[in-house]
Number of protein chains: 2
Amino acid sequence: MEPFPRSGYAGGQIMRKPTIQDVARQAGVGVGTVSRVLNNHVAVKGATRETVLKAIADLDYTPNPHARRIAGGKSYTISVLLPVLTTEFYVRLLDGLETAFQEARYDVAIFPLLDRSRLERYLGSHTLAYQADGLVMATYNLTKMFHERRLRTQQPTVLVDAYADSVDSSFMDNVAGGRMAGEYAVTLPGALYAVWVETELDQLFTTRVFEDRRNGFLGALQAAGRAVAAEYTSSFDSLTARNTACTVLDQAQAAGLPCTVFASADMLAGALLDEVRLRGLQIGTDVRVIGFDDQPWAESRGLTTLHQPVESMGYEAAQLLLTRLNGYKGPARARRFEPRLVVRGSA
Amino acid sequence: MEPFPRSGYAGGQIMRKPTIQDVARQAGVGVGTVSRVLNNHVAVKGATRETVLKAIADLDYTPNPHARRIAGGKSYTISVLLPVLTTEFYVRLLDGLETAFQEARYDVAIFPLLDRSRLERYLGSHTLAYQADGLVMATYNLTKMFHERRLRTQQPTVLVDAYADSVDSSFMDNVAGGRMAGEYAVTLPGALYAVWVETELDQLFTTRVFEDRRNGFLGALQAAGRAVAAEYTSSFDSLTARNTACTVLDQAQAAGLPCTVFASADMLAGALLDEVRLRGLQIGTDVRVIGFDDQPWAESRGLTTLHQPVESMGYEAAQLLLTRLNGYKGPARARRFEPRLVVRGSA
DNA sequence: TTGTACGCGTTATCAA
DNA sequence: TTGATAACGCGTACAA
C-alpha cells in the first residue's frame with residue numbers, strides 16, 4: 001500500500017478523493033451548506049453558493065453515490081435491464097436512455113438479461129441493480145410477474161419497448177406497425193405471405209412485440225377482405241432465417257408470382273432479399289418484401305420497412321422515470337410511439 | 001408515503017429491508033460477529049456461525065452494497081466496459097465473466113462504450129463505473145491511454161480480449177489464430193485471398209485484434225514461401241461485407257479458380273459463402289473459405305473456422321481481477337488463449 | 001441563512 | 001472467540 005495521507009495535497013496532487021468535508025473546509029463553510037448547494041436547496045445565499053461551487057471545482061470534488069444512498073437520499077443511479085444486446089435496436093435505445101439520464105445527472109448501469117435466472121438475481125436481492133434509484137426494464141412482458149408480485153419493485157420502474165398496466169411505459173405501437181404493413185401490402189399485386197419471429201417458450205419472460213405486429217397485419221388484411229396465403233415462423237438467427245426464406249419462396253414460386261412477403265423483422269427481410277436474388281428473381285416485381293425495424297443497412301439495400309423512433313422511445317422512458325424520481329405519484333402513464341412506413345424499392 | 005415501521009414485522013411481512021442489526025438481534029450476537037460471518041472470517045466458532053446463518057436465512061437478509069462500500073472500501077461490484085454488444089462474442093464473454101464473479105459473490109454492471117466520449121465519462125468522475133471495486137475493459141487497446149495517464153485506474157483493472165503490458169490481461173492469441181489459418185491455407189490448391197476488418201480511425205480507441213490475425217496469417221504464408229494474391233478490407237456491417245465478397249470473387253474468378261479466402265471474421269465468411277452460392281460455384285472445391293470466430297451458425301453452414309474459447313477467456317479475466325481484489329500485488333499477468341482450427345466442409 | 005450533530009448500514013479496531 | 005464502538009461520506013433535522 002502506498003502512503004495514504006488523510007489531509008489534502010501531496011506534490012500538488014490530491015492523493016485521496018476529496019470529501020464533502022474537504023470542500024467545506026476549502027470554502028470556509030459547514031458541510032451542511034455544501035450539501036445544500038449539491039442538492040439545489042433554495043435556502044443558500046448566492047455568494048455562499050458561488051464560494052462553494054468554486055471550492056468544488058478547485059478540488060474536483062464529486063459526491064460519493066454510495067454515501068448518498070446510505071444517508072437515506074438518492075444515489076443518482078439508474079439500472080437498465082436489457083435482453084441480450086445483439087441488435088442495433090438496443091444500441092439506439094440505450095442512446096436515448098443515456099442521453100436523457102445524463103442530462104438529469106443520473107448515472108446508468110446496464111444489466112444484461114442473458115437468461116431468466118438473471119432477472120430474479122438482479123431483482124431479488126442485494127444487487128446494485130436493485131439498489132438503484134430507478135429501474136428501466138426493456139422489451140420483456142412482465143405484466144404477470146407484477147401481478148403475481150414476483151416482481152416487487154420498491155423503486156420507480158418504467159418499461160420500455162413493453163407494456164404493463166401497472167407501471168409507466170414507453171413503447172412502440174407494434175399493432176399499428178403491423179397494420180401499416182398490412183394496409184400497404186393489400187395494395188400490391190399477388191399473394192400475401194408473412195414471416196414471424198418465434199417468441200420464447202417461457203410465458204413470464206416473453207415479449208409481445210411480434211404477436212402485436214401479427215395482430216395488426218392480419219387485422220388490416222381482414223379489413224380489406226384479404227388473407228395470407230401462408231404464415232411462417234423463424235427464430236432470430238441468421239441460419240434459421242435463411243432456411244425460412246427458402247421455404248417461403250419455394251411455396252410462393254409453386255403457387256405463382258408475383259407475391260408480397262411481410263417479414264416482421266428486418267433481419268428476416270434481409271434473408272429473403274438474399275434468397276430472392278439467389279433465385280434470379282426480381283425484388284420489387286416478382287417478390288415484394290416489407291421489413292420491420294429500418295436497420296442501418298435497410299436504406300442501401302432498398303428495403304421497404306417500418307421505421308421506429310427508438311431513441312425517442314428511450315428518451316421518453318427516461319423522462320417518465322425522472323418525473324417519478326422527482327416525486328410524481330400519479331397513475332401509470334403509457335407513451336405510445338408510432339412507426340413510420342418507409343417505402344423503398346423492395347415493395 | 002406508506003408507514004415506515006422501524007421495527008421488524010407487520011402481518012408476517014418485513015416492511016423494511018433487514019439490516020445487520022436485525023440479524024444480530026435475531027441471532028443473539030453482536031453485529032461484529034455477523035459481519036465476520038458475512039466476510040468468512042476465520043475467528044468464528046462453528047456453532048455461532050450456524051446460528052448467524054440461520055438468522056440471515058430467516059430474515060432473508062442481504063448486505064447493503066452501498067454501506068459496505070462506505071465502511072470497508074469494498075462494494076462487491078465490478079464494472080465491465082464493453083464495446084457495443086452486437087455480436088455473439090460479447091454475450092459469451094459476459095457469460096464467462098459473470099459466472100466467475102458470481103461464484104465470488106461479486107455483482108457486475110455493464111457500461112457499453114457506445115463512443116469514445118463515454119469512456120472518459122465513465123472513468124473520469126464520480127460514476128458508478130468508477131466506484132466499483134474493479135474494472136474489466138474489453139477489446140480496446142488502451143495501452144497508450146495508460147501510458148499517457150489519461151486512464152488513471154485507481155482500482156484493479158483487467159483487460160480482456162486486449163493486451164497492455166502494464167495491467168493484467170486475458171486474451172486470444174490472434175497472431176496464432178492467423179498463423180493457423182495461414183498454415184492450413186497453404187496446403188490448399190489455388191490462389192490465396194484475405195479479407196480484413198477495418199479498425200477504427202481513433203488510435204487510442206482501436207483494437208489490435210485484426211492486425212494480429214493479419215500478421216499471423218501473412219507470417220505463415222511467408223514461412224511457406226507463399227503470398228496472398230490480394231487483400232481486402234471491409235467494415236463490420238453486413239452490407240459492406242456483401243460488397244466486399246463480390247469484389248473478392250470478381251477478382252478471384254478473373255484470375256482463375258480454385259482459390260482460398262481467409263475471412264478474418266465469420267461474418268465476412270458468411271457473406272462470402274452467400275456470394276459463392278449465388279454465383280453457382282462450389283464451396284470447398286471452387287472456392288474454399290476459412291473464417292474466424294466459430295459463430296453458432298458456423299457448424300450448420302459447414303464453415304471451416306477458428307474456434308475461440310471465449311467463455312474461458314472471460315472466466316480467467318475475472319479470476320485475475322479477483323486475485324487482485326484479494327490483495328495480490330505482483331506484476332501484471334497475461335493469460336493467452338489459443339484458438340483451435342475447426343475444419344468443416346468450406347475448406 | 002448557516003453550522004452542528006445525528007443517523008444511515010456496514011467494516012474494522014480494540015478490549016474483554 | 002466475541003461484543004462494543006469508532007469510523008466511512010453524506011443528508012438533514014434542529015438550533016442558532
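Quick caveat, the model's predicted, so the values are computed rather than measured. Chain letters run A, B, ... following the sequence lines, proteins first and then strands; every chain starts at 1.
- Residue contacts shown for A:Y61 are limited to sugar-phosphate atoms, with no base heavy atom under 4.0 Å away.
- The distance between atom NE2 of B:H66 and atom C1' of C:dG7, rounded to the nearest whole Å, is 17 Å.
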Atom pairs under 3.5 Å: protein N/O with N/O of nucleotides 1-3 of chain C:
from: C:dT2; atom 1: OP1; to: A:T48; atom 2: OG1; distance (Å): 2.1
from: C:dT2; atom 1: OP2; to: A:K45; atom 2: N; distance (Å): 2.7
from: C:dG3; atom 1: OP2; to: A:G30; atom 2: N; distance (Å): 2.9
from: C:dG3; atom 1: OP2; to: A:T33; atom 2: OG1; distance (Å): 2.4
from: C:dG3; atom 1: N7; to: A:R36; atom 2: NH2; distance (Å): 2.6
from: C:dG3; atom 1: O6; to: A:R36; atom 2: NH1; distance (Å): 3.0

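- Note that the CG atom of A:L59 and the CG atom of A:D22 stand 6.5 Å from one another [nearest 0.5 Å].
- Screening A:K74, A:R69, A:R68, A:R324 for a salt bridge (Lys or Arg N to Asp or Glu O under 4.0 Å) with A:D133, the sole residue that qualifies is A:R69.
- Going from atom CD1 of B:I70 over to atom P of D:dG9 covers 7 Å, rounded to whole Å.
- One distance of note links CG of A:L322 with CG of A:N326; it measures 6.5 Å at 0.5 Å rounding.
- Rounded to the nearest 0.5 angstrom, A:I20 CD1 and A:R25 CZ are separated by 12.0 Å.
- In summary, the side chains of B:T33 and B:R49 do not present any donor paired with an acceptor at a separation below 3.5 Å, with no hydrogens or angles considered.
- Checking B:Y61 against B:T19 by side-chain atom types alone, no donor-acceptor pair falls below 3.5 Å.
- One atom, CZ of B:R69, and another, P of D:dC8, lie 15 Å apart when rounded to the nearest Å.
- Put simply, CG on A:L38 is 11 Å from P on D:dT12, counting in whole angstrom units.
- Rounding to the nearest 0.5 Å gives a distance of 5.0 Å between CG of A:L320 and CZ of A:R335.
- Where the helix from C:dT1-D:dA16 to C:dA16-D:dT1 starts and where it ends, the local axes point in directions that differ by 40°; five pairs per end, rounded to 10°.
- Ranking C:dT10, D:dT12, D:dG9 by closeness to the A:S35 side chain, first place goes to D:dT12.
- Separating the CD1 atom of B:I20 from the C1' atom of D:dT5 is a distance of 14 Å, rounded to the nearest angstrom.
- The nearest whole Å value for the distance from the CZ atom in B:R25 to the P atom in D:dT2 is 20 Å.
- Nucleic acid contact class of B:Q21 (heavy atoms, under 4.0 Å, all strands): base.
- Residue B:R68 contributes atom CZ, which lies 19 Å from atom P of C:dC8 at whole-angstrom precision.
- Per the geometry, CG belonging to B:N64 stands 19 Å off P belonging to D:dC8, to the nearest Å.
- A donor-acceptor contact closer than 3.5 angstrom links the side chains of A:Y315 and A:E103.
- For B:N64 (side chain) and B:H66 (main-chain N/O), a donor-acceptor pair under 3.5 Å exists by modelled atom type.
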